[in-house]
Amino acid sequence: MKFDDDDPVWTRHDGGSGHDGPEWRDGDEERARAFYESVSDVTQRILDFLAVRPGHLIDAKDIFERLRGREWRDGDPNWRKSVAASLNSIRNVPGTEPGRRLPFYWWAPTDDTDTRYGMKPTVARLFRAAKRTSDPDR
């Protein structure tokens, strides 16, 4: 199921303080590019994965399976922590305070779901553009 930017599902996320603050919006293209370039390659690939699935809630295991073999060798058995640690690393990168909330949302696992991540369609559009205009030497 795909959710629009204004769907209530986005307000029911389980994010912490990194999910406070203003949402990314049209006009933040340069800010998104600078942010994108400041995070690790693994984190960029996770953001890329979410950005090409705008408005969808993606299971952490699906993200891991997609990136396994490149980022996580030998099928790391702790895939939940691998995805979470990669995204949490954003908080530790100097210069990543973009004046915006984190560009993704997350939901804790429930009895019938895994940890899920998602990116609003407007934010996804910004980060797809950020990837296209990013430093090619990175």
Side-chain angles (χ1 to χ4, degrees):
M1 174 175 249
K2 183 175 180 177
F3 299 99
D4 293 328
D5 282 345
D6 59 354
D7 194 284
V9 70
W10 303 110
T11 63
R12 295 188 298 263
H13 68 91
D14 292 309
S17 63
H19 298 276
D20 296 335
E23 184 66 75
W24 294 84
R25 60 182 179 255
D26 289 331
D28 283 343
E29 290 80 7
E30 182 57 33
R31 182 176 281 192
R33 186 192 59 76
F35 181 87
Y36 182 82
E37 289 178 355
S38 71
V39 300
S40 73
D41 290 341
V42 173
T43 303
Q44 283 183 356
R45 287 189 180 98
I46 295 171
L47 294 174
D48 294 346
F49 189 79
L50 295 173
V52 298
R53 292 157 185 83
H56 291 275
L57 308 187
I58 311 294
D59 287 351
K61 190 168 189 174
D62 292 339
I63 295 169
F64 179 83
E65 289 295 325
R66 169 64 184 223
L67 301 178
R68 183 174 63 183
R70 283 189 269 172
E71 281 70 25
W72 298 298
R73 304 282 182 227
D74 303 319
D76 182 348
N78 207 345
W79 52 268
R80 277 186 188 98
K81 288 187 179 178
S82 297
V83 173
S86 296
L87 289 172
N88 283 335
S89 70
I90 290 172
R91 299 171 197 261
N92 301 322
V93 177
T96 58
E97 177 50 50
R100 296 285 180 258
R101 67 176 317 284
L102 293 174
F104 63 90
Y105 287 76
W106 75 276
W107 294 262
T110 64
D111 290 341
D112 58 345
T113 67
D114 193 0
T115 302
R116 295 172 298 158
Y117 296 89
M119 189 178 283
K120 286 184 171 183
T122 296
V123 179
R125 188 173 49 254
L126 287 169
F127 278 84
R128 288 192 309 269
K131 179 182 180 177
R132 284 192 305 272
T133 61
S134 148
D135 181 356
D137 296 328
R138 210 170 134 40

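What you are looking at is a predicted structure, and each value in this text was computed from that prediction instead of being measured. In what follows, every heavy atom counts, from backbone to side chain, and hydrogens, waters and symmetry copies are set aside.
Two residues are said to be in side-chain contact when any heavy atoms from C-beta on lie closer than 4.5 Å; Ile63 and Leu50 meet this criterion. At a threshold of 4.5 Å between non-hydrogen side-chain atoms, the residues Ile58 and Arg116 do not count as touching.
Every salt bridge (charged side-chain N to carboxylate O under 4.0 Å, His left out) that Glu23 has, sequence neighbours left out, goes to Lys120. Partners of Asp26 according to the salt bridge (charged side-chain N to carboxylate O under 4.0 Å, His left out) rule, which considers only residues two or more places apart in sequence or in another chain, are Arg125. Asp112 meets the side chain to side chain donor-acceptor pair (under 3.5 Å) test with Thr110; sequence neighbours excluded. Remark: Thr43 engages Val39, Ser40, Leu47, Ser86, Leu87, Ser89, Ile90 in a side chain to side chain contact (heavy atoms under 4.5 Å, CB included) (not counting sequence neighbours). For Asp5, the side chain to side chain donor-acceptor pair (under 3.5 Å) partners two or more places apart in sequence, or in a different chain, are Thr122.
Between Pro54 and Pro121, the shortest heavy-atom distance links the atoms CB-CA, 3.7 Å. Summarising the geometry of Ala51 relative to Phe127, their closest heavy-atom pair is CB-CB, 4.4 Å, with the distance given to 0.1 Å. Closest of all the heavy-atom pairs between Tyr117 and Ala60 is CE1-CB, 3.9 Å. Taking every heavy atom of both residues into account, Arg12 and Pro8 meet most closely at NH1-CB, 3.4 Å. Here the shortest heavy-atom pairing between Gly21 and Arg101 reads O-CB, 4.0 Å.
Put simply, CG on Leu126 and OH on Tyr36 are 13.5 Å apart, with the number rounded to the nearest 0.5 Å. In this structure, Arg100 CZ and Arg31 CZ are separated by 4.5 Å, a value rounded to the nearest 0.5 Å.
A salt bridge does not link Glu29 to Arg33: none of the charged side-chain nitrogens sits closer than 4.0 Å to a carboxylate oxygen. Taking the charged nitrogens against the carboxylate oxygens, Asp114 and Lys61 have no contact shorter than 4.0 Å, which rules out a salt bridge.
A cation-pi arrangement is present between Arg53 and Phe49, with the terminal nitrogen or guanidinium carbon under 6.0 Å from the aromatic centre and inside a 45° cone about the axis.
Membership of the apolar cluster around Val9 extends to Met1, Phe3, Trp10, Leu57, Tyr105, Trp107, as traced through chained side-chain contacts below 4.5 Å between ILVMFWY residues.
One N or O on the side chain of Asp28 and one on the backbone of Arg25 form a donor-acceptor pair closer than 3.5 Å.
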